S.K.: 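Take this structure, written in structure tokens, and hold onto it; I'll ask about it next.
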Protein chains: 2
Amino acid sequence: MTLAEENYLKAIYHLENQSSNEVSTNALAEEMQTKASSVTDMIKKLAEKNMVSYIPYQGVTLSKKGHAHAVKVVRKHRLWEVFLLEKLNFSWDEVHDVAEQLEHIKSEKLTDKLDEFLDFPKVDPHGDPIPDKYGNFETIDKTSLTDAQEGLVYVCVGVHDSSSDFLKYLDANHIGLGTTMKIIHKEPFDNSVKIKFDDVELVVSENVAKNLFLKTV
Amino acid sequence: MTLAEENYLKAIYHLENQSSNEVSTNALAEEMQTKASSVTDMIKKLAEKNMVSYIPYQGVTLSKKGHAHAVKVVRKHRLWEVFLLEKLNFSWDEVHDVAEQLEHIKSEKLTDKLDEFLDFPKVDPHGDPIPDKYGNFETIDKTSLTDAQEGLVYVCVGVHDSSSDFLKYLDANHIGLGTTMKIIHKEPFDNSVKIKFDDVELVVSENVAKNLFLKTV
DNA sequence: TTAAATATTTAGACAAAACTAAATAATCTT
DNA sequence: AAGATTATTTAGTTTTGTCTAAATATTTAA
Ligand SMILES: [Mn+2]
Ligand SMILES: [Mn+2]
Ligand SMILES: [Mn+2]
Ligand SMILES: [Mn+2]
């Protein structure tokens with residue numbers, strides 16, 4: 001599997017998780033920041049290698065083999081993110097880009113030793129689950145802040161968008177994994193949400209609310 | 001700089017260190033395990049980018065820029081080797097191949113944080129010096145075992161060949177960095193050398209002797 | 001249920017990095 | 001100094017992954 005192929009597998013994996021339908025050529029082009037024609041080319045190649053099943057005009061789905069490979073890449077990505085944060089003192093908004101490179105290093109021994117060195121972490125710095133060496137992981141149950149209920153108390157367990165911009169916004173507002181917050185008010189007009197934590201109130205936009213994952217406490 | 005370009009720079013760097021003349025196309029082809037014509041193509045590209053200076057039929061030399069870049073790649077390679085050995089418990093014959101991949105990860109912050117995490121090591125697992133973030137390193141003065149003098153006592157400070165086969169041979173014979181040995185006899189017939197360490201005598205071939213670096217103690 | 005809009009695929013090109021085979025330059029031999 | 005040998009470069013392909021433009025299929029809407 002080349003770097004390009006692995007990136008496609010990972011993108012298909014993420015899109016399948018988001019909607020459970022077949023992944024369309026255009027959705028994949030959008031995710032990969034490339035052109036639809038390039039996607040068609042690559043899909044054919046992946047189908048040739050039995051990593052995906054593909055019917056022209058009907059989108060693509062990962063095969064068992066492709067799924068397993070995608071999970072391995074995701075595992076590496078998230079382990080490296082933990083390494084960068086815990087061992088090298090990167091902040092959670094800096095880890096993703098470097099992990100994008102490190103996830104393609106080919107050495108099962110390296111991956112498994114790294115896992116052990118990090119004490120077999122279960123989640124990455126953004127709250128996403130880390131598959132073990134067999135590809136198994138616990139699904140973390142979480143609700144988006146947009147779906148949270150007024151008056152209840154939640155703890156932040158993850159983020160949907162792990163872009164540097166969003167994470168820096170959260171840092172600036174002192175929100176992070178583990179932050180406990182009460183839902184004060186959900187404004188129907190613009191879907192903004194007023195939350196309270198550490199004795200301060202904060203109104204966040206719908207866009208922010210959509211990207212924050214919570215768990216009832 | 002692409003991965004391929006970086007590998008060429010590194011190869012030129014190593015060859016320059018070995019002979020101080022310009023690097024010939026064939027020597028580079030041999031080092032890179034590729035064809036001379038491919039080398040010519042790449043050399044032109046590197047010259048275009050001002051990483052080397054190149055006169056057709058006269059070989060190639062690194063420019064200041066090319067040299068600096070090569071040193072950065074070497075720094076990363078050796079830091080990762082230390083990481084794999086010290087933190088992930090790889091053995092010294094396993095680190096090189098993985099470091100060949102890791103050396104191309106692009107993040108100055110990663111490199112410098114890794115350096116700090118490892119406590120600014122001065123040498124890698126094979127006794128080679130590790131450049132600091134400014135590209136400076138101490139040259140370790142060392143003699144090959146073939147040039148050692150009968151009757152004197154030396155300590156092993158490095159290996160020339162860091163192939164897995166050679167390192168495993170050394171492991172099997174309990175020779176490693178820091179091993180102190182006395183030169184018992186140099187056999188002129190086949191240039192083999194009898195050494196003594198840990199109260200045992202061992203005869204090593206010329207091929208082995210050439211690849212062991214020593215320092216007088 | 002046709003027409004328009006949208007999505008997808010095909011065709012043809014290109015850049016990177018490799019290769020083989022052929023041409024040419026440099027060096028060694030006598 | 002000419003001829004032979006060796007080293008290097010050039011020319012022409014190949015593979016991978018991308019692109020634009022054109023063709024075709026699908027979906028939406030009148
Ligand atoms: Mn990430
Ligand atoms: Mn993450
Ligand atoms: Mn090495
Ligand atoms: Mn080394």
Side-chain angles (χ1 to χ4, degrees), chain A residues 1-13 15-16 18-62 66 69-70 73 100-101 103-106, chain B residues 1-13 15-16 18-62 66 69-70 73 100-101 103-106:
Chain A
M1 286 292 105
T2 68
L3 186 143
E5 288 167 350
E6 287 191 338
N7 282 334
Y8 272 93
L9 287 183
K10 201 173 43 134
I12 298 167
Y13 176 80
L15 292 170
E16 278 188 346
Q18 271 167 44
S19 80
S20 77
N21 305 352
E22 300 79 27
V23 173
S24 76
T25 300
N26 262 5
L28 201 39
E30 165 71 23
E31 176 85 10
M32 292 290 299
Q33 301 271 64
T34 187
K35 296 298 152 74
S37 55
S38 306
V39 170
T40 304
D41 288 344
M42 180 56 86
I43 282 174
K44 283 179 181 169
K45 208 178 129 196
L46 290 173
E48 201 61 47
K49 294 192 173 190
N50 293 310
M51 304 301 282
V52 300
S53 70
Y54 164 59
I55 305 166
Y57 295 98
Q58 308 229 145
V60 72
T61 51
L62 289 175
H69 197 94
V73 176
E100 284 291 305
Q101 298 180 63
E103 73 189 4
H104 300 290
I105 302 292
K106 281 157 191 48
Chain B
M1 288 290 104
T2 67
L3 185 142
E5 288 168 351
E6 287 191 338
N7 282 335
Y8 271 93
L9 288 182
K10 202 172 44 130
I12 298 167
Y13 176 80
L15 291 171
E16 279 187 347
Q18 271 168 42
S19 80
S20 78
N21 305 352
E22 301 80 26
V23 173
S24 76
T25 302
N26 262 5
L28 202 39
E30 166 71 24
E31 176 84 11
M32 292 290 299
Q33 301 270 65
T34 187
K35 297 297 152 77
S37 55
S38 306
V39 170
T40 304
D41 287 344
M42 181 55 88
I43 283 174
K44 284 179 180 168
K45 209 178 128 196
L46 291 173
E48 202 62 48
K49 294 191 174 189
N50 293 311
M51 303 301 283
V52 300
S53 70
Y54 164 59
I55 306 167
Y57 295 99
Q58 309 229 145
V60 72
T61 52
L62 288 175
H69 197 94
V73 176
E100 284 292 304
Q101 298 180 62
E103 72 189 5
H104 301 290
I105 302 293
K106 282 158 190 46

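All figures in this text were calculated on a predicted structure; none of them were measured in a lab. In the text below, chain A, chain B and the rest are named by the order of the sequence lines, each starting its count at 1.
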S.K.: Assess whether salt bridge (charged side-chain N to carboxylate O under 4.0 Å, His left out) is satisfied between A:Glu100 and B:Lys106, documenting all intermediate values.
M.R.: CA-CA 11 Å; A:Glu100 284 291 305; B:Lys106 282 158 190 46; over 6 Å; no
S.K.: Polar-atom pairs under 3.5 Å, protein N or O versus N or O of nucleotides 10-13 of chain C: list them with distances, or write none.
M.R.:
residue	atom	partner	partner atom	Å
C:dT10	OP2	A:Lys44	NZ	2.5

S.K.: Rounding to an integer number of Å, can you tell me how far B:Met32 CE sits from C:dC19 C1'?
M.R.: 15 Å
S.K.: Below 4.0 angstrom from OP1 or OP2 of D:dC19, is there any side-chain N or O of A:Ser38?
M.R.: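 Indeed, a polar side-chain atom of A:Ser38 lies that close.
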S.K.: Whole angstrom is fine here: how far is it from CD in A:Glu30 over to P in C:dT8?
M.R.: 12 Å
S.K.: Can you tell me the distance, in whole Å, between the CG atom of A:Asn7 and the C1' atom of D:dT18?
M.R.: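 Distance, rounded to whole Å: 14 Å.
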S.K.: CG/B:Leu15 to OG/B:Ser20 distance, rounded to the nearest 0.5 angstrom?
M.R.: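 So the gap between those two atoms works out to 12.0 Å.
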S.K.: Does a nitrogen or oxygen in the side chain of A:Asn26 sit under 4.0 Å from OP1 or OP2 of C:dT6?
M.R.: no
S.K.: May I ask you to check whether over 12 heavy atoms, not counting those of A:Gln18, lie within 6.0 Å of atom CD?
M.R.: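 For A:Gln18, atom CD is crowded (more than 12 foreign heavy atoms under 6.0 Å).
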S.K.: Identify which nucleotide among C:dT8, D:dT8, C:dA18 has an atom closest to any side-chain atom of B:Tyr8, counting heavy atoms from C-beta outward.
M.R.: C:dA18
S.K.: Could you pull out the protein-nucleic contacts involving nucleotides 24-29 of chain C (nitrogen or oxygen on both sides, under 3.5 Å)?
M.R.:
residue	atom	partner	partner atom	Å
C:dA25	O4'	B:Tyr57	OH	3.2

S.K.: Say whether, by atom type as modelled, one donor and one acceptor occur between the side chain of B:Glu6 and the main chain of B:Leu3 under 3.5 angstrom.
M.R.: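 Pair absent, no side-chain N/O of B:Glu6 close to backbone of B:Leu3.
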S.K.: From A:His104 NE2 over to A:Gln101 CD, what is the distance, rounded to the nearest 0.5 angstrom?
M.R.: 9.0 Å
S.K.: Between B:Thr40 and B:Ala36, is there a donor-acceptor pair closer than 3.5 Å when you use the side chain of the first and the backbone of the second?
M.R.: yes
S.K.: Looking at B:Lys35, does any N or O in its side chain come under 4.0 Å of the phosphate oxygens OP1/OP2 on C:dT20?
M.R.: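 The answer is yes; a side-chain N or O of B:Lys35 sits under 4.0 Å from OP1 or OP2.
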S.K.: What's the CD-P distance between A:Glu5 and D:dT15, to the nearest Å?
M.R.: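 Between P of D:dT15 and CD of A:Glu5: 15 Å.
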S.K.: Please report, rounded to the nearest Å, how far the P atom of C:dA15 is from the NZ atom of B:Lys49.
M.R.: 14 Å
S.K.: Between atom CE of A:Met42 and atom OG of A:Ser37, what is the distance when rounded to the nearest 0.5 Å?
M.R.: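 One gets 12.5 Å once the value is rounded to the nearest 0.5 Å.
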S.K.: Measure CD1/B:Ile43 against P/C:dA16 and give the value in whole Å, please.
M.R.: 17 Å
S.K.: Are there over 12 heavy-atom neighbours, none belonging to B:Glu22, within less than 6.0 Å of that residue's CD?
M.R.: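 At most 12 heavy atoms, drawn from other residues, nucleotides or ligands, come within 6.0 Å of this atom.
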S.K.: If I take atom CD1 in residue A:Ile55 and atom C1' in nucleotide D:dA25, what distance separates them, rounded to the nearest angstrom?
M.R.: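 Rounding to the nearest Å, CD1 of A:Ile55 and C1' of D:dA25 are 15 Å apart.
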S.K.: To the nearest Å, how far apart are A:Met42 CE and C:dT9 P?
M.R.: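 Between P of C:dT9 and CE of A:Met42: 15 Å.
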S.K.: Which residue in the set B:Ile43, B:Val60, B:Thr61 passes side-chain contact (heavy atoms from CB on, under 4.5 Å) when paired with B:Ile12?
M.R.: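 Answer after filtering B:Ile43, B:Val60, B:Thr61: B:Val60.
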S.K.: For a quick check of understanding: with a heavy-atom distance under 4.0 Å over all strands, which category does A:Thr25 fall into, base, sugar-phosphate or nothing?
M.R.: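 Contact class for A:Thr25: sugar-phosphate only.
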